[in-house]
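Structure first, commentary second.
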2 protein chains.
Amino acid sequence: MIDRGFVGPKYYGVKEDLRRLALEAGPEASLPTERALAVRYGTSRTTIRQAIAELVAEGILNRTQGKGTFVAREHRAYVRQRTSFTDDAREQGLRISSIVLGIDYPVADEHSAGQLRVAPGTGLTRVERVRLIDEEPLAHEVAHLPGTLTDLEQILEQDGSLYAVLAARYGRRVAEVEDTVETSIAGPVDAGLLAIETGSPLLLIHRLGLDAAGTPVEWTRSVFRGDRFRFFARTHR
Amino acid sequence: MIDRGFVGPKYYGVKEDLRRLALEAGPEASLPTERALAVRYGTSRTTIRQAIAELVAEGILNRTQGKGTFVAREHRAYVRQRTSFTDDAREQGLRISSIVLGIDYPVADEHSAGQLRVAPGTGLTRVERVRLIDEEPLAHEVAHLPGTLTDLEQILEQDGSLYAVLAARYGRRVAEVEDTVETSIAGPVDAGLLAIETGSPLLLIHRLGLDAAGTPVEWTRSVFRGDRFRFFARTHR
DNA sequence: TAGTGGTCTAGACCACCAA
DNA sequence: TGGTGGTCTAGACCACTAG
């Protein structure tokens, strides 16, 4: 609605041109090598890499050391419409799975105690997982549960839904959830777990699950791949 | 919970060291120049810039051409708890304002018609604004309203809240909103409007406002600064 | 005008992958 | 082994800010 004449730096022109090429070439197509692009555009490889880097951050391109640079499959389709990752995904007919990285039993520090509304020093159960959709890692989650639930591990392997296990085994039903959503940047750990590059944008979501009485049942910190995930919320005014 | 030994590339060590320095120095503190840091760390300026770039993307640092690099004021405190930016901000005691970039009257294309559930070709009112908090640009919004509301401009200047104007002047009350939240990357236009760098992470939010009968009243595309904004949602299961 | 960050170059070596 | 992307260098010039 406002006419914006704009001429940016050279890498920006390259970037927009590559974006167009990627769109035409379609998913899975491979791009020329960085060195070839540098020749084609009459620039240095650095300039090409700056352009590619931003397109990777936007989820348009993927690149793998030793292999090459490719047009990403476009599917930012996953939403979080209800309250359970498992339910959401099943509803969309997606094959979901989890890798349990670890379960341990720390005592509540000041922050987690405040979130879960228990006394600092209370025993907690902490579950660290990577969530996958169609075999692709999508999220890294650390859930904090009040109490020491020592038989959680075996149960979780059967049914990937933490909420279902909490309800069926422990009688803790989540009736309401509070989410905060913000952006974050992948550090090397999250980048490795999610198979993305350091510096990629993430959605950082903190979720507090409450039972019908308003008692906290679960407090989870999750990072989701920013290029694959879309958060959905419906609010009555 | 999982021990992760990690030694990254050189720029990553510099980055984490600068992060610590920034934390110690406190908000508004100025960093040494890139050239000075290059000498201090025994690297090239390129390496220093890569470290700084990621800290800027995380909202830890700001930099301005010709001035220098500074520790950002930490305040990612703004939430969107209710349904109106104006209400949310007032509730938190923040000074908010808007700049109306333009109002025009396009006809609905296929996509906006689908969102607003009107026939393609229907007249719309489009309002493009920059939203500011404490004089700082925070969001860039383009709202689409069904119908041709030609006297909107003067009214909006008096009361910044589009929702309030829609209710008071046109009897359209928003009873429910649906938000989708995803990440995006600032292009040059958004970067200029929001006073951030190209490539900075953004929260891209699409909001559909419905009245009590479920009729769409407003459909808005917003980009929020990812380093300053936190989205909040409460959902009953 | 001096100094800052912004962009770009041409090249080097490394880490990883596939044949 | 050859080719890819990943990191890094030493330097150049430009655009912008401030005194």
Side-chain angles (χ1 to χ4, degrees), chain A residues 6-18 22 28-57 60-72 185-188 191-192 195-200, chain B residues 6-18 21-22 28-57 60-72 185-189 191-192 195-200:
Chain A
F6 176 80
V7 180
K10 187 187 287 192
Y11 87 85
Y12 195 79
V14 174
K15 174 186 173 185
E16 294 308 315
D17 203 56
L18 290 179
E28 316 281 326
S30 80
L31 259 65
T33 70
E34 296 176 350
R35 288 164 178 86
L37 288 170
V39 172
R40 175 189 302 187
Y41 287 102
T43 70
S44 73
R45 203 181 139 211
T46 309
T47 301
I48 298 297
R49 279 184 60 77
Q50 186 172 2
I52 291 177
E54 293 197 2
L55 291 171
V56 168
I60 308 293
L61 300 178
N62 295 323
R63 50 184 173 182
T64 309
Q65 185 173 100
K67 290 181 70 176
T69 303
F70 307 90
V71 181
I185 297 290
I196 55 179
E197 299 189 15
T198 302
S200 299
Chain B
F6 176 79
V7 180
K10 188 187 286 194
Y11 87 86
Y12 195 79
V14 174
K15 175 187 173 184
E16 294 308 315
D17 202 55
L18 290 178
L21 288 178
E28 316 281 325
S30 80
L31 258 64
T33 70
E34 295 176 349
R35 289 163 178 87
L37 288 170
V39 172
R40 176 190 301 185
Y41 287 101
T43 70
S44 73
R45 205 182 137 209
T46 308
T47 302
I48 298 296
R49 279 183 61 78
Q50 185 172 1
I52 290 176
E54 293 198 3
L55 291 170
V56 168
I60 307 292
L61 300 178
N62 296 322
R63 51 185 172 182
T64 310
Q65 185 174 99
K67 290 181 71 177
T69 305
F70 307 90
V71 180
I185 298 291
V189 172
I196 55 179
E197 299 189 16
T198 302
S200 299

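Letters go in sequence order (proteins before strands), and every chain restarts at 1.
For R35(B), counting side-chain heavy atoms from C-beta on, the closest listed nucleotide (dT7(D), dG6(C), dA15(C)) is dG6(C).
At whole-Å resolution of the value, CD1 in I48(B) and P in dT4(C) are 14 Å apart. Summarising the geometry, the separation between CD on E54(B) and C1' on dG6(D) is reported as 13 Å, rounded to the nearest angstrom. Rounded to whole Å, the distance from NZ on K15(B) to P on dG6(D) is 16 Å. Protein atom CD of Q65(A) is 5 Å distant from nucleotide atom C1' of dC16(C), rounded to whole Å. Atom CG of N62(A) is separated from atom C1' of dG6(D) by 16 Å (rounded to the nearest Å). Taking atom CZ of residue R63(A) and atom P of nucleotide dC17(C), one finds them 16 Å apart after rounding to whole Å. Distance CG (L37(A)) to P (dT9(C)): 13 Å, rounded to an integer number of Å. Computed from coordinates, the R45(B) CZ to dC13(D) P distance equals 14 Å when rounded to whole Å.
You'll find the side chain of T33(A) stays beyond 4.5 Å of the side chain of T69(A), heavy atoms only. Taking the side chain as every heavy atom from C-beta outward, V71(A) and E28(A) never approach each other to under 4.5 Å. Residues Y11(B) and T46(B) are not in side-chain contact: their nearest non-hydrogen atoms beyond the backbone lie 4.5 Å or more apart.
Once rounded to the nearest 0.5 Å, the distance linking CG of L37(A) with CZ of R49(A) reads 12.0 Å.
At the phosphate of dG5(D), OP1 or OP2 sits under 4.0 Å from a side-chain N or O atom of T69(A). At the phosphate of dT4(C), neither OP1 nor OP2 sits under 4.0 Å from any side-chain N or O atom of T64(B). Distances shorter than 4.0 Å separate none of the side-chain N or O atoms of K67(A) from OP1 or OP2 on dG5(D). A close approach under 4.0 Å does not occur between any side-chain nitrogen or oxygen of T46(B) and OP1 or OP2 of dT7(D). Between dG6(D) and R49(A), a contact under 4.0 Å exists linking OP1 or OP2 to a side-chain N or O. One finds a side-chain N or O of K10(A) lying less than 4.0 angstrom from the OP1 or OP2 phosphate oxygen of dT9(C).
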- [ ] Would you sketch DNA chain D in dot-bracket for me? Only Watson-Crick or G-U wobble pairs with both distances under 3.5 Å count, crossing pairs as [ ], other-strand pairs as |, the rest as dots.
- [x] ||||||||||||||||||.

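At distances below 3.5 Å, not a single donor-acceptor pair connects side-chain atoms of T64(B) with backbone N or O atoms of K67(B).
Nearest-nucleotide mapping onto DNA chain C: of G66(A) and S44(A), the residue sitting toward the 5' end is S44(A).
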TODO: Please report the C-alpha distance between Y12(B) and Q50(B) in whole Å, then the side-chain angles of each, then the deciding distance to 0.1 Å, and finally whether the side-chain hydrogen bond (donor to acceptor under 3.5 Å, both in side chains) criterion is met.
DONE: CA-CA 9 Å; Y12(B) 195 79; Q50(B) 185 172 1; over 6 Å; no

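What you find for G42(B) and K10(B) is that their closest heavy atoms are O-NZ, 4.2 Å.
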